[in-house]
Undergrad: 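Sharing a structure here in structure tokens format.
Along the sequence shown, residues are numbered consecutively beginning with 1.
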Amino acid sequence: MKQSVLIHPDDNVVVALQPFQKGDTIQENGLKVRSDIPAGHKIALRAIANGQPVIKYGMPIGAASQDIAQGEHVHTHNMKTMLSGELAYSYNPKRTVIDHIQPRTFMGYKRKVGRAGVRNELWILPTVGCINDVARTLRQRAQSLAGGAVEAVNVFEHPFGCSQMGDDQEDTRTILADLAAHPNAGGVLVIGLGCENSPVESIRKAMPPYDEARVRFMVIQDVDDELATGMQLLQELADHMQNDRREAVSADQLIVGLKCGGSDGLSGITSNPLIGRFSDKLIAMGGSTILTEVPEMFGAETLLMERCETEAVFRDTVGMINGFKRYYEEHNQPIYDNPSPGNKQGGISTLEDKALGCTQKSGSAVVRDVQPYGGRVHKAGLTLLSAPGNDLVSTTALAAAGAQIVLFSTGRGTPFGGPVPTVKIASNSALAAHKKSWIDFDAGRLLTSHTMEQLTDELMDYVLSVASGKPTRNEQNDYRGIAIFKTGVTL
């Protein structure tokens, strides 16, 4: 097994694939290590003077904050970000054409309206946080309805829907409305209190086109017994769902969200590039993928801008990037206060380091569209979606945008799941072995036993099996939830 990896020939650092102790010699390059270095961290391939760029992925990921000797550990103690403020960008397209390939199929649920679903679940959506207890109790009582074509009964609680204003309130309405029309739900019960800022009727009006036979609405202030009435409505939905059957569906019906969280120094070498290759392959079949986590694009955004299909898409991308920077400035917060403590422990030193690894999930496809938070996929291919990096907030946004499945790369591990199957892809085999109950797919094998082509084919097989009904770890554990992006004041 290799001990280190040089990602790009122009790099002046290598990444350790195993822990090193001071005085060790790396077999690939004869480099003598000057200090203890954890796996996933960077080692100077040659001397880097104070102020000079640290190069990884063939691009600067920061600058040395002091002189760095050959063989020395390169991390937050001796390098810093080179990013600052909003930027002006110019459109310099460098697009790669992906040849079409014959779409594969999965066994899914064809819907009367919209795309096919990969699950046939009964969902309960409260419009406001003060009725979460009612929604939770309904879910408990409705477990008797699960079985046959009703694959699960789920409730998606949240604390919002009232005491919000302006765009903040509209965001809550939009996300709930999008979820209420999601193809993975064979039946949806939307319940409201009756006096909130986001009443049931506002959710109904905000919903995209939907099959009216699959959605019911209840205002609990208007009924004598909300639990009895709710169970009656859920029974009606479950009865209708029992006629649903899986059938062959073309993979061009798939929308897959691309997400990473708890990244480490190997995420940009294994799991994220693997997801990027998967994305390109699905797009070649006519399918769609969505990349989000805008703050984690900072430092690599020009690579996405170069791939924009048109100048209009480029302008939308610039607006998304600089708009998110203004969001930080308006709240008097540093734009580049990233990566997280866990990222740093895993070997990621700066936001540029994180972003260049993160954006690899998008592969090489043309950027066809940019959507705001709460927006939905309208074009086949790669869409950029505005949402923060927070795991559950961004995963919820991906599902609301239409993703039936989310691929989630992680180097440190996390148990959570979103409202749709959330496939955890480990960047390293140690994590996959340690957290078998969390991890669905081991991308660390790229470093030991498999080629990128082999694992891309294997990941495609796995995703299609999930689309056909194979449960992910988060589903097996019943780890599911939503989170809505809170941006405004609370009344």
Undergrad: Using the salt bridge (Lys or Arg N to Asp or Glu O under 4.0 Å) definition, which of the options Asp171, Asp167, Asp168 pairs with Lys486?
TA: Asp168
Undergrad: Is Arg34 salt-bridged to Glu72, cutoff N-O under 4.0 Å?
TA: no
Undergrad: Would you give the length of the straight line joining atom CD of Glu475 to atom CZ of Arg119, rounded to the nearest 0.5 angstrom?
TA: 4.0 Å
Undergrad: When rounded to the nearest 0.5 angstrom, what distance separates CG in Asp178 from CZ in Arg376?
TA: 5.0 Å
Undergrad: Can you see whether Ser429 engages Asp442 through a side-chain donor-acceptor pair at a distance of less than 3.5 angstrom?
TA: yes
Undergrad: Going by the ring-ring contact (aromatic ring centres under 6.0 Å, His included) test, which pairs reach into residues 398-436, not counting sequence neighbours?
TA: Phe408-Phe416
Undergrad: If I take atom OH from residue Tyr327 and atom OG1 from residue Thr487, how far apart are they, to the nearest 0.5 angstrom?
TA: 7.0 Å
Undergrad: Measure the shortest side-chain to side-chain distance between Leu303 and Arg307 over non-hydrogen atoms and say whether it is less than 4.5 angstrom.
TA: no
Undergrad: Which pair of heavy atoms, one from Val423 and one from Ile405, lies closest together, and at what distance?
TA: CG2-CG2, 4.0 Å
Undergrad: What pair of heavy atoms forms the shortest contact from Pro421 to Gln404, and how long is it?
TA: CD-O, 3.3 Å
Undergrad: Check Glu296 with Lys361, please: is the shortest side-chain N to carboxylate O separation under 4.0 Å?
TA: no
Undergrad: In this structure, are over 12 heavy atoms from other groups packed under 6.0 Å from Lys379 atom NZ?
TA: yes
Undergrad: Go through the steps for Leu446 and Ile269 under the test side chain to side chain contact (heavy atoms under 4.5 Å, CB included), then give the verdict.
TA: CA-CA 9 Å; Leu446 282 170; Ile269 299 172; over 6 Å; no
Undergrad: Have a look at Val370 and tell me which of Leu385, Val318, Leu384, Leu304 forms a side chain to side chain contact (heavy atoms under 4.5 Å, CB included) with it.
TA: Leu384
Undergrad: Ile175 pairs by side chain to side chain contact (heavy atoms under 4.5 Å, CB included) with which of Phe160, Phe485, Tyr373?
TA: Tyr373
Undergrad: For Glu28 and Ser4, what are the C-alpha separation, side-chain angles and deciding distance, and is it a side chain to side chain donor-acceptor pair (under 3.5 Å)?
TA: CA-CA 7 Å; Glu28 288 86 22; Ser4 68; 3.1 Å; yes
Undergrad: Does the pair Asp264 and Ser267 meet the rule for a side chain to side chain donor-acceptor pair (under 3.5 Å), with working shown?
TA: CA-CA 5 Å; Asp264 69 354; Ser267 294; 3.1 Å; yes
Undergrad: Has the side chain of Asn78 got a donor or acceptor atom that lies under 3.5 Å from a matching backbone atom of His73?
TA: yes
Undergrad: Flag the pair Val249 / Arg115 as yes when at least one side-chain heavy-atom distance between them is below 4.5 Å, and no otherwise.
TA: no
Undergrad: Apply the test side chain to side chain contact (heavy atoms under 4.5 Å, CB included) to residues Phe278 and Met460: give CA-CA distance (whole Å), side-chain angles for both, the deciding distance (0.1 Å), then the verdict.
TA: CA-CA 7 Å; Phe278 167 89; Met460 178 61 72; 3.6 Å; yes
Undergrad: Is it the case that more than 12 heavy atoms not belonging to Met452 sit under 6.0 Å from its CE atom?
TA: yes
Undergrad: Is the number of heavy atoms from other residues, nucleotides or ligands within 6.0 Å of NZ (Lys80) greater than 12?
TA: no
Undergrad: Is any side-chain N of the basic residue among Arg480 and Glu121 closer than 4.0 Å to the acidic one's carboxylate O?
TA: yes
Undergrad: So, is the end of the Lys470 side chain (NZ or CZ) under 6.0 Å from the ring centre of Tyr462 and within 45° of the ring's axis?
TA: no
Undergrad: Scan side-chain atoms only and decide if Gln371 and Thr383 contain a donor-acceptor pair under the 3.5 Å cut-off.
TA: no
Undergrad: Among residues at least two apart in sequence or on other chains, which ones pass side-chain contact (heavy atoms from CB on, under 4.5 Å) with Glu170?
TA: Arg173
Undergrad: Do you see a donor-acceptor pair shorter than 3.5 Å between the side chains of Ser364 and Asp280?
TA: yes
Undergrad: Starting at NE2 of His75, measure out to NZ of Lys344 and round the result to the nearest 0.5 Å.
TA: 8.0 Å
Undergrad: Using a strict threshold of under 4.0 Å (side-chain N to carboxylate O), is an ion pair present between Lys42 and Asp11?
TA: no
Undergrad: Hey, are Glu157 and Arg139 close enough for a salt bridge, meaning a charged N less than 4.0 Å from a carboxylate O?
TA: no
Undergrad: Rounded to the nearest 0.5 Å, how far apart are CG of Leu407 and CD1 of Ile290?
TA: 11.0 Å
Undergrad: Could you go step by step and tell me if Lys325 and Glu301 meet the salt bridge (Lys or Arg N to Asp or Glu O under 4.0 Å) rule?
TA: CA-CA 12 Å; Lys325 291 178 180 179; Glu301 68 268 37; 3.8 Å; yes
Undergrad: Would the distance check show the side chain of Gln70 and the main-chain N or O of Leu45 forming a donor-acceptor pair, the cut-off being under 3.5 Å?
TA: yes
Undergrad: May I ask you to decide whether Arg95 forms a salt bridge with Glu309, counting only side-chain N to carboxylate O separations under 4.0 Å?
TA: no
Undergrad: Measure the spacing between OG1 of Thr456 and CG of Leu274 and express it to the nearest 0.5 Å.
TA: 5.0 Å
Undergrad: Answer yes or no: is there a donor N or O on one side and an acceptor on the other, between the side chain of Lys2 and the main chain of Gln27, under 3.5 Å?
TA: no
Undergrad: If you apply the rule side chain to side chain donor-acceptor pair (under 3.5 Å), what do you find for Asn272 with Ser409, and how did you get there?
TA: CA-CA 6 Å; Asn272 289 351; Ser409 161; 2.8 Å; yes
Undergrad: My understanding is that only residues two or more places apart in sequence, or in another chain, count here; which of them pass side chain to side chain donor-acceptor pair (under 3.5 Å) with Ser250?
TA: Asp252
